[in-house]
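These figures come from a predicted structure and were not determined experimentally. Starting from 1, each residue takes its place in the sequence as its number.
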Amino acid sequence: MSAGKFLTWRVGDVNITRVAEMGGDPFPSTFMFPAATTELVQRHAWLRPHFAHEDGRLIGSIHSFVIESGKRRIIVDTCIGNDKPRARKVWNLLQGPFLADLSLAGFPAQSIDMVLCTHLHVDHVGWNTRLVDGKWVPTFPDARYLFGRKEWEHWSSAQAEHRDGDVMGDSVRPIIDAGLAELVDMDHALTAEVRLEPTPGHTPGHVSVHIASRGEEAIITGDMMHRPIQVAETDWNSRFCSDGPLARKTRRAFVEKHADADVTILAAHFPVPGRIVAPGGKARFLPLAS
C-alpha cells in the first residue's frame, strides 16, 4: 500500500491501484439505507474506526481502480467527472484534480487501453468523457470502453431515466458515437487473469470484476455493496437499487460464497478493501490493514 489518494495491491502477477476522486467524509447512515438508524449502525462495533464514526455516520469513498494485467492497463469505473451538470450539489460542475492524480499515480490518460464500467450510474461513468471546446470527448482516446450489453440496453431505452442529469448524453453516448465502445456479455474475459461476473440487482446488468493470478484472488464489486455494513445486513439495499429482491439475493449469495475465503474485496465505495469473515456464523468485513 501507499499513502494519500493512492493505494496499491498485488494479486499474483496483477497490480491494482486505487485512485480516489473524493470521499472519506462520513454522512448520516439513512441517506443511503433507510433502515440504518444510528442505533442499528452502532450495534456493529466492528465498523469502527475504518467504516463508521462513533455517532453512527458511515464513511465512504468514490474512486477508480486501475488493473495492470500483462500489457493491459484497465481502469474500472470512472467516478463523477468534471464539468458535468448534476442534480446533487456536491457533484455539480466539479473541478477536481482526478486526471492529474491519475497521471501522478503513473497512469496518464493516454496509457489506459481499456475502460470497464461495472454499471452506468452517474458516479461510475463521469470520467469516460471530458469537456473540450464545449464538446464531450473521450478522456481515454486510445482505450476500448467496455459496457455490459444488458446494462446498455436498459439505460438506452426510452423508459430509463437517470436522476442526476443527462448521464447518458454526456458520459456514455459520446463513447458510442466515437466508435470506442464494445458491448460485452456479463461473463466477458478481459484478460487471462481478469473476467466479469454477473452481480445484478443494483442495476439490471451490474457486473463485478474477478481477478485471479498465481493462486491469489480479488473481486471489484462495484455497487453490489455500497458500505461494509451490508456484509452483515445483507437485506439492506441502498436507495439506488433498481431491483430490491434481486439485489438482496445477489448480495446474500456473494457473502455466503466468500465468507472466510482468502479473497480480497475491493468495492467502489468502501474506504479500504478487506475480506469477508464470519466468526460464529456472523459475517463482517475485515479491513486489510487489520
Side-chain angles (χ1 to χ4, degrees), residues 1-2 5-21 61-79 102 105-107 111-119 124-125 127 140 143-148 151 182 184-200 202-203 205-226 228 230-231 250-251 253-277 285-290:
M1 285 191 182
S2 56
K5 293 185 177 182
F6 316 129
L7 295 171
T8 61
W9 305 272
R10 293 286 296 183
V11 179
D13 292 330
V14 177
N15 193 63
I16 305 171
T17 302
R18 191 191 81 172
V19 181
E21 182 181 40
S61 175
I62 296 175
H63 49 254
S64 295
F65 293 105
V66 179
I67 303 171
E68 296 173 274
S69 173
K71 295 182 179 180
R72 293 287 189 189
R73 282 187 164 187
I74 307 161
I75 188 167
V76 178
D77 291 334
T78 61
C79 303
L102 191 66
F107 307 105
S111 73
I112 300 295
D113 54 23
M114 193 176 290
V115 179
L116 183 281
C117 297
T118 60
H119 61 299
H124 295 259
V125 301
W127 278 108
F140 307 100
R144 296 295 295 173
Y145 287 70
L146 305 187
F147 302 138
E151 188 76 358
E182 184 177 341
V184 299
D185 293 332
M186 295 172 72
D187 59 354
H188 180 76
L190 285 70
T191 74
E193 299 164 312
V194 182
R195 61 181 172 82
L196 304 183
E197 289 186 348
T199 46
H202 179 63
T203 62
H206 187 283
V207 294
S208 295
V209 184
H210 187 272
I211 299 129
S213 177
R214 292 189 178 273
E216 299 181 3
E217 293 182 77
I219 302 176
I220 297 173
T221 59
D223 279 359
M224 184 190 62
M225 298 182 288
H226 279 80
Q230 289 175 283
V231 170
T250 296
R251 192 179 308 112
F254 185 89
V255 169
E256 290 174 5
K257 179 178 180 179
H258 297 292
D260 294 323
D262 190 15
V263 178
T264 299
I265 306 299
L266 304 108
H269 301 300
F270 287 19
V272 294
R275 293 187 172 90
I276 298 171
V277 297
F285 195 71
L286 183 70
L288 287 187
S290 296

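Residues passing the salt bridge (charged side-chain N to carboxylate O under 4.0 Å, His left out) test with Asp187: none are found, sequence neighbours excluded. Checked against side chain to side chain donor-acceptor pair (under 3.5 Å), His258 has no partners two or more places apart in sequence or in another chain. For Gln230, there are no side chain to side chain donor-acceptor pair (under 3.5 Å) partners at least two apart in sequence or on another chain. Annotation: side-chain contact (heavy atoms from CB on, under 4.5 Å) contacts of Glu217 (sequence neighbours excluded): His210, Ala212, Val263. With sequence neighbours excluded, the residues that form a ring-ring contact (aromatic ring centres under 6.0 Å, His included) with Phe270 are Phe285. With sequence neighbours excluded, the residues forming a salt bridge (charged side-chain N to carboxylate O under 4.0 Å, His left out) with Asp13 are Arg214, listed by chain and number. By the ring-ring contact (aromatic ring centres under 6.0 Å, His included) test, His63 pairs with Phe65, sequence neighbours left out. Every side chain to side chain donor-acceptor pair (under 3.5 Å) that Glu193 has, sequence neighbours left out, goes to Ser69, Ser213. Contacts of Arg144 classified as salt bridge (charged side-chain N to carboxylate O under 4.0 Å, His left out), with partners at least two apart in sequence or in another chain: none. In this view, Arg72 satisfies the salt bridge (charged side-chain N to carboxylate O under 4.0 Å, His left out) rule with no residue, not counting sequence neighbours. Glu197 pairs by the side chain to side chain donor-acceptor pair (under 3.5 Å) definition with Arg195, not counting sequence neighbours.
Nearest heavy-atom pair, Met224 versus Arg251, reported as atom, atom and distance to 0.1 Å: O-NE, 3.2 Å.
One finds the OG1 atom of Thr8 at 11.0 Å from the CZ atom of Arg18 (value rounded to the nearest 0.5 Å). Separating the OG1 atom in Thr78 from the CD1 atom in Ile62 is a distance of 11.5 Å, to the nearest 0.5 Å. Rounding to the nearest 0.5 angstrom, the gap separating the OG1 atom in Thr118 from the CG atom in Leu196 is 9.5 Å. Rounding to the nearest 0.5 Å places CH2 of Trp9 at 10.0 Å from CG of Asn15.
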side-chain contact (heavy atoms from CB on, under 4.5 Å) evaluation trace for Leu116 with Val194: CA-CA 11 Å; Leu116 183 281; Val194 182; over 6 Å; no

Run the side-chain contact (heavy atoms from CB on, under 4.5 Å) test on Ile67 and Ile211 for me, step by step, so that the C-alpha distance in whole Å, both residues' side-chain angles and the decisive distance to 0.1 Å come before the verdict. CA-CA 9 Å; Ile67 303 171; Ile211 299 129; 4.0 Å; yes

Evaluate the side-chain contact (heavy atoms from CB on, under 4.5 Å) criterion for residues Val19 and Ile75: first the C-alpha distance (whole Å), next the side-chain angles of each, then the deciding distance (0.1 Å), finally the verdict. CA-CA 10 Å; Val19 181; Ile75 188 167; over 6 Å; no

Chi angles and distances behind the side-chain contact (heavy atoms from CB on, under 4.5 Å) call for Leu288, Val272: CA-CA 8 Å; Leu288 287 187; Val272 294; over 6 Å; no

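Counting only distance, with no hydrogens or angles, the side chain of Thr199 and the backbone of Ser208 share a donor-acceptor pair below 3.5 Å.
At least one side-chain heavy atom of Val66 sits under 4.5 Å from a side-chain heavy atom of Ile112. For the pair Trp127 and Val115, the minimum side-chain heavy-atom distance is 4.5 Å or more.
Sorted by first and then second residue, the salt bridge (Lys or Arg N to Asp or Glu O under 4.0 Å) pairs with a member in residues 256-266 read Asp262-Arg275; sequence neighbours excluded.
Between the side chains of His188 and Asp185, no donor-acceptor pair is found at a separation under 3.5 Å.
Partner of His124 under the ring-ring contact (aromatic ring centres under 6.0 Å, His included) criterion, out of His206, His269, His202: His269 alone.
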